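One structure is given here, and the rest of the page talks about it.
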Amino acid sequence: MKRTALLTVALLLLALAAKAQYTRKTDLPTVYIETFDGRSITSKDVYKYCRLHYVDEDDQLTSYDSVSIRGRGNSTWGLPKKPYKIKFLEKEKFLGKGYAKAKKWTLLANAGDKTMMRNAVTSALGAFTSLKFNPAAKFVDLVLNNAYQGTYQISDQIDVRPHRVNITEQEYPLGEDDDITGGYLLEVDGFKDGNYFNTQRYRAPVRIHYPDEDEIDVRQRNYIRNYVNDFDARLADANFADPEEGYRAMVDTTSLIDWYICTEVSANIDGFFSTYFYKDQADPKLYWGPLWDYDIAYNNDQRVRSEHWLNSTDQSMMADIAYSGSKDWVNRMWEDPWFQRAVYRRYTELTGRGLVDHMQQYIDSLHVLLSQSQELNYQKWGISTKVYHEMVLYSSYDQYVYDLKSFIDSHCDYLLQAFAGRRPPEPFSAGNFYYRLVNAGTGKAIDGDATQNAPYGNESVDWILVRHDDYYQFINRSTGMALNDPTVGEVGPTTNVGTKLNTAPPDPTDSRQLWMLVAQGNSGFHNLVNVYTQHVANLQGGSQTDGVPILSYTNDSRNGQSKNRLWLIVEGEPLPADVSAITATEPAEYALAYNPATRRLHFGSATPEVLNFTVSITTLGGVNVATFTAADGYTLTTAPSGVYIVSWTVGGKHRSTKLVIR
C-alpha cells in the first residue's frame, strides 16, 4: 500500500476514533474542553490553553485547537458549578449564521437558577421590545477534562461588534483628527470594576467597557465622562423634566422605557446595580441595554426576604426595593410626568401585544428543550440543594418551571396596577362647552373681572377655554376678555408674588394670558399656572366673600394641599352651534352671523363702511385657517368639522368667539 494511502487510512481511523470519543450526552449539543496540562481552571484572570470539540444536534463534530479558557463572574465564580469564558485564536462564527463572529464567548453555568433559563427568557423579553442587542442563548452539555459538568448556556461576551453591541468601533491608536463621539459601551457597575468613574451629582459608578481599558485614549475618557456627567447633572437639575433642557434631550427614550420595563417585569434585584448603556458615533443619545445577568431575577433572590420581609417580589417594584447603582437615576425619572405616562402606555401596549403569553410560550419550549439535559445536570448537582440566593427549593424541575411561570403571571398583573397608580391623570382637554373655574375651598368661581363670585345663574363666570399647543387661554363669556397675569418686574415661581389678576383683550401671543392646567393627583382639581410668571392662581385668604380677588401667587410644594390654589374645571352649557348677534361687541355698529347651511360667516352693519377691519379664523391649536376683511365675509367650504376661533380688533378692542362647524 502506498504511503499516501496509508496516511489517508490513518487520518480516517483517527476521525472515526474522535467521533466515537466525542458524542452527545443528551439531545442537546455537547462541548468537550481539554486543557493542555489536564488540570482544572482555577483563575478567572489568567487564561489556560485548551482544545475544544463541539458536537452539534446533527452529531457533526467541529474541533478547535489552541483555544483559551478562564473562569468568569463575580460571586458566581465561587459556586461549585463554575462559569467560564473561552477565547479562540481567530474570530469564529461559533453559533453559526445570525450570531456574532468573535473570539470571546461565555459559558454560563446558571448555577443559582434551578430552571437554568432565566437569562434566556430575559433575552427573549428584550427581543420582544425595541431593545436591539439581546445576548445569545444556546444550551449545551459541558464535559471538562473528561468530567461531565452539567447544562451550560453559550452566550455572547458583552462587547462592541456586529450581532453584539453593534456601534462604531473607534480607531486604535487614536489619530489627532479622529471622531471621538462614539462608540462607547458603558455600565453602571456596583462592583466598580475596571476603568470606571463616579458621576458628579448622583455618584453612579460608571464603567467604560469600550474602548478597552488598555486602549482608551485620555481624550476619549474625558469626552465620555463629561457626556455622562452632563446627563447626570440635567437629571438632578430643577428643570430636569423639560424635554429640551432636561435629561430627555440626551437619551433614546424608546430604549430607556423598554429597558426599564424589562427590569421591572423580570423583577431583577440587580437590574440597577448592573445597567448597560451605550453611545454611538455622531449620535447625541444614550441608549439603554443590553440586558445581562438575570439568573437571580424573577423572584430568585432570598436577600429581599431579610431586607424587605418579602416572601415574594411579585407585589413589588424594583424602583422601590432593588440595589442601588442607576436606581437614583430611575427614581428621579419617576418624578417626571412624561416618564410616568410613558411607562404605563408602553407597558399596556406590550402586554396588549401578548408579552406575557410570549414569555410563557418560550418557557414551555425551553422546558421541553432542557428536559433530558436537566436530568443529567441535577444528578450531578442536586435539584433541592441551595447553592446561591434561591428564594424557594423544590424536589423536581417541573416545580421550578411552574413557579417561574406563576410568578410572571402574578407580577405582570401587579405591574399594570402599579404603573397605573404612578401615572398622572391625562392632560385636561376642553370640549365644546363653557367652563367654570371653581375654587376647592369655597365652591365659588372666577368671575369676568378676575374676582370670586357665586357660580349659579351668572354668565360672567362662564369661560371659553381656547387651546394653544399645551396651554389654554380663558376667554370670558360676558366680556370677551382673557384672564391675565399683569405682574411686572422679575418673576419666577416664588418671586414677586401677590399681584391681583385682571383681564385683557385676547391675544394668544401674550404668554401672560396663557395658562397650564396642572392636575393634582386624581382628585379632579388643577392648579392654574401662568406661562409668563410661573405663578399659580390663588384665592386671596380663602375668603367666602364675593368680589375677593384672585392673586398671582407662589408656585411651590403646597400646590396640592392649599385649597386656595386648587380649582375644579366644571363643564357648563354647550357652546352654540352657530354665532349670531355677538352682543358683547359693539351691537349698534355691526353684528356677526353664521349660516350653517352655506357655511358662510359674515358681518352686517347699517353703516357698511365700518366693516374695514381684518378678521382671522384659527383652529383651537392656533393654526390659521383664513384671514379676510369683515366686509367680504368668508365661506368655509373646505374646513373640516370642529371648533374654530374667530377673532378681530376694532376700535382698539380685541374680540373673539368660538365657531362650531358640524
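Keep in mind it's a predicted model, so treat the numbers as computed, not measured.
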Euclidean distance, F272 CZ relative to N268 CG, rounded to 0.5 Å: 8.5 Å
Does this structure show an ion pair linking [X] with [Y], if we count only N-O contacts that are shorter than 4.0 Å?
{"X": "R565", "Y": "D556", "answer": "yes"}
{"X": "R221", "Y": "D217", "answer": "no"}
{"X": "D159", "Y": "R164", "answer": "yes"}
{"X": "D189", "Y": "R207", "answer": "yes"}
{"X": "D336", "Y": "R248", "answer": "yes"}
{"X": "D177", "Y": "R219", "answer": "no"}

Polar contact flag, side-chain donor to acceptor under 3.5 angstrom, [X]-[Y]:
{"X": "D258", "Y": "S130", "result": "yes"}
{"X": "Q520", "Y": "N527", "result": "yes"}
{"X": "H468", "Y": "Q473", "result": "yes"}
{"X": "R234", "Y": "Y247", "result": "no"}
{"X": "D252", "Y": "T254", "result": "no"}
{"X": "T487", "Y": "D485", "result": "yes"}
{"X": "Y287", "Y": "D283", "result": "yes"}
{"X": "D449", "Y": "T451", "result": "yes"}
{"X": "T122", "Y": "N119", "result": "no"}

Mutual orientation of the aromatic rings belonging to Y472 and F474 [parallel < 30°, tilted 30-60°, perpendicular > 60°]: parallel
Name of the residue among W334, Y344, W329 meeting ring-ring contact (aromatic ring centres under 6.0 Å, His included) with F339: W334
Can you tell me if [X] uses its side chain to pair, donor with acceptor, with the backbone of [Y] under 3.5 Å?
{"X": "N229", "Y": "Q200", "result": "yes"}
{"X": "Q281", "Y": "D179", "result": "yes"}
{"X": "D280", "Y": "T168", "result": "yes"}

Closest non-hydrogen atom pair between A319 and K327, with its separation: O-CE, 3.2 Å
